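To start, the structure itself, in structure tokens.
In this text, all values refer to a predicted model and were calculated from it rather than measured experimentally. In what follows, chains are A, B, ... by sequence order, proteins preceding strands, each numbered from 1.
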Amino acid sequence: MPELPEVETIRRVLADKISGRRIVRISVCLHRAAASRLSRTLRSQGAALRKNVHGRRIMGIRRRAKYLLVDLDEGVLLFHLGMTGQLFAARGGQVHDRLPSLPDKHTHLILYLSGGLQLYFRDIRKFGRVCLLARGQERRVFQGLGPEPFSKAFTPAVLQQGLKGKKASVKSLLLGQKIVAGLGNIYADEALYRAGIAPQTPGGRVWPEKITVLHTAVRAVLRQAIRFRGTSLSDYYDPESRQGQFQDRLRVYGRQGDPCRQCGTSVLKAVVAGRGTHWCPACQRQHGGKAG
DNA sequence: CTCGGCCTGCTC
DNA sequence: GAGCAGGCCGAG
């Protein structure tokens, strides 16, 4: 579910709510654990989590790509939310009329914090991850991840280098997290729309003058989505059970059959890079996009 | 690189 | 009942 803007929103909300609190109790919930990554990690690491997280103080919370890092006075709790992961900072019970009372059968981890607050990790599809890292292990986890989109390391030259000579579609390259980290299926489509580049364009065929446009578009769409607290299409809620507002501002994602807001042409949807992909065939052209 | 697998729930 | 969903990983 969550891409960079949603994870960043979660980080900002959590920072104010949980920083400085102590973890006074931890509860790992293994329901029907199958072969999912989440079940396996909780099974193998559950005891270590209980032992090493109990009594720790939360010093702060960071984000890298779509990962959340909760800094403890000893160690780092790493979360990845997969497709349906959610974090709620609440005092239990009903947090939203469209959500079940917490904890429910999809709640896999509860951190009881000082001051009577709880942090619930919920994940219906169990594609998420939680683990405890010793300081210094981050490097290994994040190796292979490209630069943060808002960092100085992400430049048009870096983007150009990443696309150069590639036969794979520009969309698959943006989803790959290697050229730049944090884009997922929604924001890859939205960035390509804003840049006027068809998603199936081979990376190496994106016109050089379009590279800067795409670089700007990636940053702009992510920045705007953060400002609107993310996209809530079905089950994204922030830790205060608030939905995002960016779904009202999507130009192509989920708008197949609807008119393009720029030119009125029907927005198309097809599978590109193995994912449902949305674009305007008039505003987004292959081999670089529309003129102007 | 692309594909299938990992999960559950929702829509057609 | 089939197909689809905001992500990643391992296999090919």
Side-chain angles (χ1 to χ4, degrees), chain A residues 1-10 30-43 63-68 78-87 98-100 104-108 121-131 140-146 162-179 181-191 199-205 221-222 225-226 228-238 243-247 249-250 252-257 269-278:
Chain A
M1 149 196 359
E3 305 180 32
L4 185 149
E6 291 76 34
V7 178
E8 176 61 19
T9 303
I10 292 169
L30 287 168
H31 307 278
R32 215 165 277 243
S36 73
R37 189 171 313 278
L38 181 61
S39 303
R40 282 197 308 258
T41 27
L42 283 179
R43 188 171 293 280
R63 179 190 58 74
R64 172 75 170 101
K66 304 172 194 174
Y67 292 86
L68 276 174
L78 177 79
F79 288 92
H80 192 287
L81 302 179
M83 289 278 251
T84 53
Q86 300 167 323
L87 284 166
R98 293 186 56 193
L99 288 168
D104 70 334
K105 64 174 175 175
H106 298 300
T107 304
H108 307 295
F121 173 55
R122 187 170 181 265
D123 184 1
I124 293 178
R125 290 174 71 184
K126 300 181 199 166
F127 292 170
R129 280 163 68 180
V130 202
C131 63
R140 183 178 51 78
V141 175
F142 297 134
Q143 74 171 355
L145 265 188
L163 298 177
K164 197 172 92 180
K166 295 293 199 314
K167 269 167 60 183
S169 64
V170 60
K171 165 135 179 183
S172 73
L173 294 166
L174 289 180
L175 288 178
Q177 310 297 301
K178 208 169 153 52
I179 303 176
L183 289 169
N185 206 30
I186 295 179
Y187 299 111
D189 282 4
E190 293 294 313
Q200 46 283 89
T201 308
R205 293 276 191 81
V221 74
L222 293 175
I226 293 170
F228 286 96
R229 309 172 58 91
T231 301
S232 291
L233 289 176
S234 57
D235 46 17
Y236 167 67
Y237 294 86
D238 76 15
Q243 293 183 292
Q245 296 301 317
F246 198 69
Q247 59 277 14
R249 286 164 180 83
L250 297 174
V252 285
Y253 190 91
R255 296 193 65 245
Q256 60 272 22
K269 179 179 181 185
V271 174
V272 177
R275 311 293 299 275
T277 297
H278 315 71

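At the heavy-atom level, A:Asp235 lies under 4.0 Å from base atoms of the strands shown. Residue A:Tyr253 is classed as a sugar-phosphate contact, given heavy-atom separations below 4.0 Å to backbone atoms only. Nucleic acid contact for A:Leu250: none, since no nucleic acid atom lies under 4.0 Å from a heavy atom of the residue. As judged by a 4.0 angstrom heavy-atom cut-off over every strand, A:Lys167 is placed among residues making no nucleic acid contact. Residue A:Tyr67 is in sugar-phosphate contact alone, with no base atom involved, counting any heavy-atom pair closer than 4.0 Å across all strands shown. Across all strands shown, A:Thr84 has no heavy atoms under 4.0 Å from either base or sugar-phosphate atoms.
Between the P atom of B:dC6 and the CZ atom of A:Arg40 lies a distance of 9 Å, rounded to the nearest Å. Residue A:Leu175 contributes atom CG, which lies 13 Å from atom C1' of B:dT2 at whole-angstrom precision. The nearest whole Å value for the distance from the CZ atom in A:Phe127 to the P atom in B:dG4 is 15 Å.
Shown here are the side-chain hydrogen bond (donor to acceptor under 3.5 Å, both in side chains) partners of A:Arg229, two or more places apart in sequence or in another chain: A:Asp238. For A:Ala168, the side-chain contact (heavy atoms from CB on, under 4.5 Å) partners are A:Ser172, A:Leu173, not counting sequence neighbours. Not a single ring-ring contact (aromatic ring centres under 6.0 Å, His included) links A:His106 to another residue, sequence neighbours left out. By the side-chain hydrogen bond (donor to acceptor under 3.5 Å, both in side chains) test, A:Ser232 is found to be paired with no residue, residues two or more places apart in sequence or in another chain being considered. Under the rule for a side-chain hydrogen bond (donor to acceptor under 3.5 Å, both in side chains), the partners of A:Arg63 that lie at least two apart in sequence or sit in another chain are A:Glu8, A:Glu148. With sequence neighbours excluded, the residues forming a side-chain contact (heavy atoms from CB on, under 4.5 Å) with A:Arg98 are A:His96, A:Tyr237, A:Gln243, listed by chain and number. Residues that satisfy the ring-ring contact (aromatic ring centres under 6.0 Å, His included) test with A:Tyr67, not counting sequence neighbours, are A:His80, A:Phe142. For A:Tyr253, there are no side-chain hydrogen bond (donor to acceptor under 3.5 Å, both in side chains) partners two or more places apart in sequence or in a different chain. Scored by the ring-ring contact (aromatic ring centres under 6.0 Å, His included) test, A:Phe121 finds A:Phe79 as partners (sequence neighbours excluded).
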Show the distances under 3.5 angstrom between N or O atoms of the protein and N or O atoms of nucleotides 9-12 of chain B.
{"unit_1": "B:dG9", "atom_1": "OP1", "unit_2": "A:Lys105", "atom_2": "NZ", "d": "3.3"}
{"unit_1": "B:dG9", "atom_1": "OP1", "unit_2": "A:His106", "atom_2": "NE2", "d": "3.0"}

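Comparing the P positions of B:dC3 and C:dC4 gives a spacing of 14 Å, expressed to the nearest Å. C:dG3 and B:dG4 are spaced 13 Å apart, taking the P atom of each and rounding to whole Å. Taking atom P in both C:dC8 and B:dG9, the straight-line distance is 22 Å, to the nearest Å.
Closest non-hydrogen pair, A:Gly230 versus A:Thr9, comes out as N-OG1, 4.0 Å. Scanning all heavy atoms of the two residues, the minimum distance from A:Arg275 to A:Leu175 falls at CG-CD1, 3.9 Å.
Residue whose closest nucleotide on DNA chain C sits further toward the 5' end, between A:Arg125 and A:His80: A:Arg125. In terms of position on DNA chain C, the residue among A:Lys269 and A:Arg37 whose nearest nucleotide sits closer to the 5' end is A:Lys269.
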Requested in this report: Using Watson-Crick or G-U wobble pairs with both distances under 3.5 Å, give me DNA chain B in dot-bracket, 5' to 3', with [ ] for crossers and | for pairs to another strand.
Outcome: ||||||.|||||
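With hydrogens and angles left out, the side-chain atoms of A:Lys171 and A:Thr277 include a donor and acceptor closer than 3.5 Å.
For DNA chain C, the span of nucleotides reached by chain A at under 4.0 Å from its heavy atoms goes, 5' to 3', from C:dA5 to C:dC9.
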